[in-house]
Amino acid sequence: MGQRGDRLHVQLSVGDDVVGVRVVGEVDVASVGVLRAALWAAPARPVLRVDLSGVRLLSAAGVRALVAAHLRVRARGGELVLADPDPVVARVLRATGLHRVVPVVQSLPTPACPRSELVACA
């Protein structure tokens, strides 16, 4: 399930305990409606994980949408987690203090397998 704007694409994936929201593009005043709609459309689960690795720009409007989603998810007993922000976006999260309110995590890279263990790792 996904939504697309001119400069923003948002895709939802729903699991038993986690709803993943993958965001790609620029989140600004012109495109924040696409992000907001996706966050509100996400079904209730214990964790709402927003993958920011594809976001090149996060404006104040985007920060407000994330704060509103955090409050909504927390009111339902869940947790919002922001994952893999681009360095520019991570700087915005730090400058606004959002990183102190919402967990910001880096996904661990998949370790490379030695040739002798290729079958076991595949």
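These values consider heavy atoms only, across backbone and side chains, with no hydrogens, waters or symmetry-generated copies.
Here the closest heavy-atom approach between residue Ala65 and residue Trp40 is recorded as O-CZ3, 4.3 Å. Nearest heavy-atom pair, Val73 versus Glu79, reported as atom, atom and distance to 0.1 Å: CG1-N, 3.3 Å. Of all heavy-atom pairs spanning Pro85 and Gln106, the tightest one is CD-NE2, 3.5 Å. The nearest pair of heavy atoms linking Leu80 to Pro103 is O-CD, 3.3 Å.
Exactly one of Val34, Val32, Leu39 qualifies for a side chain to side chain contact (heavy atoms under 4.5 Å, CB included) with Arg36. That residue is Val32. The only member of Leu82, Leu58, Val55 that meets side chain to side chain contact (heavy atoms under 4.5 Å, CB included) when paired with Val23 is Val55.
Hydrophobic clustering places Val50 together with Leu12 (ILVMFWY residues linked when any side-chain heavy atoms are closer than 4.5 Å, directly or through intermediates). Hydrophobic clustering (side-chain heavy atoms under 4.5 Å, transitive across Ile, Leu, Val, Met, Phe, Trp, Tyr) keeps Val88 apart from Val63. Cluster membership for Leu66 and Leu71, using ILVMFWY side-chain heavy atoms within less than 4.5 angstrom, is shared. Taking hydrophobic clusters as Ile, Leu, Val, Met, Phe, Trp and Tyr residues chained together by side-chain heavy-atom distances below 4.5 Å, Val101 shares a cluster with Val27.
Every salt bridge (charged side-chain N to carboxylate O under 4.0 Å, His left out) that Arg22 has, sequence neighbours left out, goes to Asp51. Take Arg49 and apply the salt bridge (charged side-chain N to carboxylate O under 4.0 Å, His left out) test, not counting sequence neighbours, and it matches Asp84. Partners of Arg64 according to the salt bridge (charged side-chain N to carboxylate O under 4.0 Å, His left out) rule, which considers only residues two or more places apart in sequence or in another chain, do not exist here. The salt bridge (charged side-chain N to carboxylate O under 4.0 Å, His left out) check on Asp86 picks up nothing, with sequence neighbours excluded.
Other members of the hydrophobic cluster containing Val47, listed by chain and number, are Val18, Val81, Val105; membership follows side-chain contacts under 4.5 Å among ILVMFWY residues, whether direct or relayed.
The shortest side-chain heavy-atom distance between Val104 and His99 falls under the 4.5 Å cut-off. Residues Val19 and Ser13 are not in side-chain contact: their nearest non-hydrogen atoms beyond the backbone lie 4.5 Å or more apart.
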Indicate every side-chain donor-acceptor pair of residues 89-96 with a distance under 3.5 Å to a residue at least two apart or in another chain.
from  : atom 1 : to    : atom 2 : distance (Å)
Thr96 : OG1    : Val92 : O      : 2.9
Thr96 : OG1    : Leu93 : O      : 3.2
Thr96 : OG1    : Leu98 : N      : 3.4

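The CG atom of Leu35 sits 11.0 Å away from atom CG of Asp28, with the distance rounded to the nearest 0.5 Å. The CG atom of Leu8 sits 4.5 Å away from the OG atom of Ser31 when rounded to the nearest 0.5 Å.
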(message) Does His70 form a side-chain contact (heavy atoms from CB on, under 4.5 Å) with Val102? I'd like the steps, not just the answer.
(response) CA-CA 7 Å; His70 163 70; Val102 177; 3.7 Å; yes
